[in-house]
Asker: 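First the structure, then my questions, so here it is.
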Amino acid sequence: MALIVQKYGGTSVGSVERIQNVARRIAKFKSQGHDLVVVVSAMSGETNRLVALANDVSGGNPNPREMDVVLSTGEQVTIGLLAMALDAIGVPAKSYTGWQVAVKTDSAHTKARIETIDDAAMRADLKDGKVVIVAGFQGIDGVGDITTLGRGGSDTSAVALAAALKADECQIYTDVDGVYTTDPRIVPEARRLDKITFEEMLELASLGSKVLQIRSVEFAGKYRVRLRVLSSLEEDGGGGTLITFEEDEQMERVQVSGIACDKNQARINVRGVPDKPGIAFQILGAVADANIEVDMIIQNVGAEGTTDFSFTVPRGDYNNALKILNEVKEKIGAAEVSGDDTVAKVSIVGAGMRSHVGTASTMFRALAEEGINIQMISTSEIKVSVLIAEKYTELATRVLHAAFGLEKA
Ligand code: ASP
Ligand code: MG
């Protein structure tokens, strides 16, 4: 008998039938003797609908406090419906909004962070044999205002509850059956991973793999929550992917576990920059002041007193970044600012890179053989990323998947 936190996403609770399905699944776990805390999202499409309403009524500029009042309603509907569906099949259950729990957060409306969770009421209900159902994505701040945790935030609610309750496992049920070597829509041979290390998952989530909200992975790492991603559409969950903290021998043998691609990229080049201290700060400081996130950065070795500087930003910030850099150009006396917003980042991730040499060169050779030009490179201990022309994204992902033998178990 274990204490399990389960989370069901929007698709899994997207209709009455699906909510009843979830209720049956919960009943099965319950009959096996487990204690269950269940976190749910809003019905699929509901949060988008609420965002649109808020934008329409406010001329595209909703007040953040009121935005959270509106956004939090989606999850309040599903917790009540799921509790009723359980009740209808004879499983005692009780629903909780975030503030009823209480999930205490900071006051950063629409992107609040969880600070503490009071587990007393939930524990009392579990002791009474009830299934506890908690609204994901929401909390309450220090002055009693409703907050939400950012899109996809129910994953983080689930992991945070699992940490607070010291649950044996946190199971995220979603419309895919686990974490794949890469996006199966791009590479049909992509394979579900039985296990992935927490670090790899963190890299993949930050590289744009949308299986889990990145903050939930960070949370799991900090509190060492045993986390599993499963399918809500398959009877047994489809086996799923376990996110582990141990790198076993099996895992050490594979160089690369997954490939991620991200088209939300644009490159900016600043040429002929006077090569002196403070230049990187003057260029990137101005970009940071505009709240633009910089990802890959390259500064060339200077020659004849000048150097070149390139970096990437999210595509939506491209025009703004160019404008800022043209102002900076005048100030620092650079020769030219240019850029390209038809680029993409393709990354290979694997904890096994630590114990293998030549991983990056295998990657570069595979891309060269297809005539794909690499514009920028960045690396970490367990990741190599390249920036390439956007039109080669799918091709690059496919050739790298094959080059590292990821189709084979
Ligand atoms: N309903 C929220 C959203 O759509 C939270 C979640 O689903 O995790 O972003
Ligand atoms: Mg989600």
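In listed order, ligands and their atoms are each counted from 1. A quick note: this is a predicted structure, and the numbers were derived from the prediction, not measured.
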Asker: List, one per line, each side-chain donor-acceptor pair under 3.5 Å for residues 76-96, sequence neighbours excluded.
Answerer:
from : atom 1 : to   : atom 2 : distance (Å)
T78  : OG1    : S41  : O      : 2.8
T78  : OG1    : E75  : O      : 3.1
Y96  : OH     : D125 : OD2    : 2.4

Asker: Strictly under 4.0 Å, does any heavy atom of G9 approach an atom of ligand 1?
Answerer: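 Per 4.0 Å heavy-atom rule, G9 does not contact ligand 1.
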Asker: Using the side chain to side chain donor-acceptor pair (under 3.5 Å) rule, pick out the option among T312, D295, N264 that qualifies with K345.
Answerer: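 Among the candidates, only D295 passes.
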Asker: Near F137, which atoms of ligand 1 are under 4.0 Å from a heavy atom of that residue?
Answerer: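 Close to F137: 2 (C), 5 (C).
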Asker: Going by the atom numbers of ligand 1, which of them fall below 4.0 Å from some non-hydrogen atom of R151?
Answerer: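 Numbered from 1, ligand 1 contributes 3 (C), 4 (O), 9 (O).
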Asker: Which residue is it: R354, K383, Q255? I am looking for the one with a side chain to side chain donor-acceptor pair (under 3.5 Å) to T359.
Answerer: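 Testing T359 for a side chain to side chain donor-acceptor pair (under 3.5 Å) against R354, K383, Q255 leaves exactly one candidate, Q255.
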Asker: So is there a nitrogen or oxygen of K7 less than 3.5 Å from a nitrogen or oxygen in ligand 1?
Answerer: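 So ligand 1 has no N or O lying under 3.5 Å from an N or O of K7.
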Asker: Using atom types as modelled and distance alone, determine if a side-chain donor or acceptor of D106 lies under 3.5 Å from a backbone N or O of R113.
Answerer: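 Yes: the side chain of D106 pairs with the backbone of R113.
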Asker: Can you list the ligand 1 atoms lying under 4.0 Å from a non-hydrogen atom of T47?
Answerer: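 Those qualifying, in numeric order: 1 (N), 2 (C), 3 (C), 4 (O).
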Asker: Of all the atoms in ligand 1, which lie at a distance below 4.0 Å from a heavy atom belonging to S41?
Answerer: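 It comes down to these atoms of ligand 1: 6 (C), 7 (O), 8 (O).
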Asker: Using a 3.5 Å cut-off on N or O atoms only, is G152 in polar contact with ligand 1?
Answerer: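 Yes; at least one N/O pair falls below 3.5 Å.
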Asker: Yes or no on side-chain hydrogen bond (donor to acceptor under 3.5 Å, both in side chains) for Q100 and T97, after CA distance, side-chain angles and deciding distance?
Answerer: CA-CA 5 Å; Q100 285 175 317; T97 61; 3.3 Å; yes
Asker: Please work out, at 4.0 Å between heavy atoms, whether the side chain, the backbone, both, or neither of E75 comes within that distance of ligand 1.
Answerer: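 It is the side chain that gets close, since no backbone atom is under 4.0 Å.
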Asker: Would you indicate whether the side-chain heavy atoms of I243 and L212 approach each other to under 4.5 Å?
Answerer: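 Contact flag for L212/I243 side chains = yes.
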Asker: Do I332 and V328 make a side-chain contact, defined as non-hydrogen atoms from C-beta onward lying under 4.5 Å apart?
Answerer: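 Yes, side chains in contact.
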Asker: Taking distance alone, with N or O pairs closer than 3.5 Å, would you say D155 contacts ligand 1?
Answerer: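 No: no nitrogen or oxygen of D155 is under 3.5 Å from one in ligand 1.
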